[in-house]
Amino acid sequence: MAAICVFCGSRSGEQPEFGVAAAHLGAELARRGHTLVYGGGSVGLMGTLADSVLQAGGQVVGVIPRALANVELMHDGVADMRIVPDMHARKAMMHQISDGYLALPGGYGTMEELFEALCWAQLEFHSRPVAVWNVNGYYDGMRSLMRNMVQQHFLSDHHHSILSVIQSESELAEWLSAF
């Protein structure tokens, strides 16, 4: 069984499909015996995701900076909640205990965490899988930007291929089965 680090929003977003995807992912993680590693919040997609894993009897590890423990309404149902000093410590701990990274829709924090995981893979600091679930085309703009990085010779085709793009529940199941 694997520990899958999921980056996602502390908000739910405009489209109900985002929450449906988070709930589906949580149920799939639990069904497969994988552990969820996430940002520790009880709100937004983070809360939906953690609730889904817990309701399905799965394991959850929350990692939250001390300053956000109240702001993000730390999830009181997560037994393994790790409170760390800051965002740097959060990402370092998530990296230490995770076997792969998956991003659902989110804002700046989600993007920053995703791109750090991609950058570390590019620099060969790790060889773990990194993916986004492109729910309702949420990541289409980012994918266009990344193709432009390749066209402008700021990113190689090889490094562009580090990121897997999941388009459907069946592709999600295939990605998760690799662990």
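Along the sequence shown, the residues carry numbers beginning at 1. No hydrogens, no waters, no symmetry mates; every other heavy atom, side chains included, goes into these values.
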Nearest heavy-atom pair of [X] and [Y]: which atoms, and what distance?
X      : Y      : answer
Thr110 : Ala103 : CG2-CB, 4.3 Å
Ile162 : Ala121 : CG2-CB, 3.7 Å
Ser156 : Val150 : O-CG2, 4.1 Å
Pro129 : Phe179 : CG-CZ, 3.7 Å
Ser12  : Leu45  : O-CD2, 3.8 Å

Can Met149 and His159 be said to form a side-chain contact (heavy atoms from CB on, under 4.5 Å), step by step? CA-CA 11 Å; Met149 290 175 183; His159 291 133; over 6 Å; no

Spatial distance of atom [atom1] ([X]) from atom [atom2] ([Y]) [nearest 0.5 Å]:
X      : Y      : atom1 : atom2 : result
Leu172 : Ser164 : CG    : OG    : 11.5 Å
Leu102 : Leu176 : CG    : CG    : 7.0 Å
Leu36  : Leu25  : CG    : CG    : 7.5 Å
Met46  : Ser10  : CE    : OG    : 5.0 Å
Leu29  : Thr35  : CG    : OG1   : 9.0 Å
His24  : Leu104 : NE2   : CG    : 11.0 Å

Taking Ile97 as the starting point, is it possible to reach Tyr101 by hopping between hydrophobic residues whose side chains are less than 4.5 Å apart?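 The answer is yes; both residues are in one hydrophobic cluster.
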
Among the clusters formed by ILVMFWY side chains lying less than 4.5 Å apart, do Trp133 and Met111 turn up in the same one?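 Yes, Trp133 and Met111 fall within the same hydrophobic cluster.
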
So [Y] and [X], do their side chains get closer than 4.5 Å, heavy atoms only?
X      : Y      : value
Leu163 : Leu114 : yes
Asp99  : His34  : no
Gln122 : Leu155 : yes
Met74  : Ser42  : no
Ile166 : Asn134 : no
Met142 : Val132 : yes
Glu28  : Glu169 : no
Val37  : Val6   : no

Whether [X] side chain and [Y] backbone form a donor-acceptor pair below 3.5 Å:
X      : Y      : answer
Glu112 : Tyr108 : no
Arg90  : Val63  : yes
Arg32  : Ala2   : no
Tyr138 : Phe18  : no
Ser98  : His95  : no
Ser52  : Ala27  : yes

Evaluate side-chain contact (heavy atoms from CB on, under 4.5 Å) for Val165 paired with Tyr139, printing each intermediate quantity in order. CA-CA 9 Å; Val165 179; Tyr139 283 104; 5.9 Å; no

Heavy atoms of other groups near Arg11 CZ, more than 12 under 6.0 Å: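 No - once you tally the heavy atoms of other residues, nucleotides and ligands closer than 6.0 Å, there are 12 at most.
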
Quick check on Glu17: does its CD atom have over 12 non-hydrogen neighbours (other residues, nucleotides or ligands) under 6.0 Å away?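 Yes, CD of Glu17 has more than 12 neighbouring heavy atoms, counting only those of other groups under 6.0 Å.
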
Would you sort out whether Ile64 and Arg82 count as a side-chain contact (heavy atoms from CB on, under 4.5 Å), showing the intermediate values? CA-CA 6 Å; Ile64 191 166; Arg82 302 176 190 193; over 6 Å; no

Qualifying residue, where the test is side-chain hydrogen bond (donor to acceptor under 3.5 Å, both in side chains) with Lys91 and the options are Glu113, Glu116, Gln96: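 With Lys91 as partner, side-chain hydrogen bond (donor to acceptor under 3.5 Å, both in side chains) holds for just one option, Glu116.
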
Is the Trp120 ring parallel, tilted or perpendicular to the His126 ring (thresholds 30°, 60°)?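 Taking His126 first and then Trp120, their aromatic rings stand perpendicular (interplane angle over 60°).
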
Go through the side-chain N and O atoms of His75 and Asp51 and say whether any donor and acceptor fall under 3.5 Å apart.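 Distance-only check passes for His75 and Asp51.
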
Please determine which of Leu54, Asp80, Leu49 meets the side chain to side chain contact (heavy atoms under 4.5 Å, CB included) test together with Val60.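 Among the candidates, only Leu54 passes.
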
